[in-house]
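Report on one structure; see the data block that follows.
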Amino acid sequence: MQSSVNYIKEKICEFQPQTGIILGSGLGGFADEFNGIVIPYSDIPKFEKSCVVGHKGQLVFAEIEGKNVVMMQGRYHFYEGYPMQTVTYPVKVMKKLGIQTLIITNAAGAVNKNFSPADLMFITDHINFMGTNPLIGENDNDLGVRFPDMSEVYSKELIEKAENTAKNLNIRTCKGVYAATTGPSYETPAEINMLRLSGADAVGMSTVPEAITAKWCGLNVLGISCLTNYAAGVKDKPLSHEEVIETANKVKDNFKSLIKNIIKII
Ligand code: HPA
């Protein structure tokens, strides 16, 4: 890990990131707004290449609203075949670079029937339906404990601040539980019914591994889902990645101003 950290530190000189942001499907364009220092994952020792459509695969370091931020433009997904260690590796590296807060964003399907595409949802809690845990294996005691508490993965304080920010901007948001599945197939209607009965409001294929890892290593976590589609079976309509990207594109202006203003106040 030290080789990744050293390489990045050499590239960013005195820049000391305080906040990290993982940009989800269709939301990566946020990082293009800033004239930041760009480091492709493929250049960083021990980083894998990221290859899903709609993801670039680079770190962008920039000052936003007076705060030093590191953005992940593209993330590693479990469904791409990467082990959990690879999926969560950048979180550990960002922690070592000195961030205190991690904002995790994603595109997700709306499971809660009161929610609809283009809603932005603050994640209050999650359900890990991925069938594995990113902390399995030898524990790095320098970063966190063997059996970390997950009672409050998503900081209530950050959610409250983010909600107030959204209100001031007149951006409608909701709050709920995010369930993570492995993908890459979307869920069946029966699976969505089960998720709803389990207490899930949204479903996606990311975020939970990174959130568990971030909480484990002592980061404050804020999770934001961009609800891009009705989950399977909610409407009589097939799901597609194109729809996910299209909806994410529609909300990107709201998303951008929300993120910028959240960064300002945390
Ligand atoms: N299911 C799983 N992942 C997703 C969805 C969905 O409906 N939409 C965006 N990511």
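These figures come from a predicted structure and were not determined experimentally. Side chains included, hydrogens not; waters and symmetry mates left out as well; all remaining heavy atoms used. Atoms within each ligand, like the ligands themselves, are counted from 1 in listed order.
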Distance under 4.0 Å to a non-hydrogen atom of [X]: what atoms of ligand 1 satisfy this?
X: Leu239; result: 7 (O)
X: Met205; result: 2 (C), 3 (N)
X: Val244; result: 8 (N), 9 (C)
X: Val203; result: 1 (N), 2 (C), 3 (N), 4 (C), 5 (C), 6 (C)

Distance-only N or O hit between ligand 1 and Tyr186, under 3.5 Å: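 There is no such contact.
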Please state whether the rings of Tyr79 and His77 are parallel, tilted or perpendicular, taking 30° and 60° as the class boundaries.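 Answer is parallel, since the angle falls under 30°.
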Could you check whether the rings of Tyr76 and Tyr41 sit parallel, tilted or perpendicular, using 30° and 60° as the cut-offs?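 Tyr76 and Tyr41: tilted rings.
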Any idea which protein heavy atom is nearest [atom], and the distance to it?
atom: atom 7 (O) of ligand 1; answer: Asn229 ND2, 2.9 Å
atom: atom 3 (N) of ligand 1; answer: Gly204 CA, 3.4 Å
atom: atom 5 (C) of ligand 1; answer: Gly109 N, 3.4 Å
atom: atom 1 (N) of ligand 1; answer: Glu187 OE1, 2.8 Å
atom: atom 10 (N) of ligand 1; answer: Ala107 O, 3.3 Å

CD on Glu65 to CD1 on Ile259, rounded to 0.5 Å: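 Rounded to the nearest 0.5 Å, the CD1-CD separation comes out at 12.0 Å.
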Heavy atom under 4.0 Å from ligand 1: found in Ala108's side chain, backbone, both, or neither?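 The answer is the backbone of Ala108.
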Checking contacts here: is it the side chain or the backbone of Thr228 that comes within 4.0 Å of ligand 1, counting heavy atoms only? Could be both or neither.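 The answer is the side chain.
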Might you point out which heavy atoms bring Ala107 and Thr228 nearest each other, and give the distance in Å?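 Smallest heavy-atom distance, with atoms named: CB-CG2, 3.7 Å.
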Using only heavy-atom distances, determine whether the side chains of Glu163 and Thr173 contain a donor-acceptor pair under 3.5 Å.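 Looking only at side-chain atoms, Thr173 and Glu163 do not form any donor-acceptor pair under 3.5 Å.
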Asp32 and Gln73 side chains, donor-acceptor separation under 3.5 Å: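 The criterion, which ignores hydrogens and geometry beyond distance, is satisfied for Asp32 and Gln73.
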Ring centroid separation for Tyr178 and Tyr154, is it under 6.0 angstrom?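 They do not qualify: ring centres at least 6.0 Å apart.
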Take Ile266 and Ile103, measure what side-chain contact (heavy atoms from CB on, under 4.5 Å) needs, and give me the verdict at the end. CA-CA 11 Å; Ile266 61 176; Ile103 302 174; 4.0 Å; yes
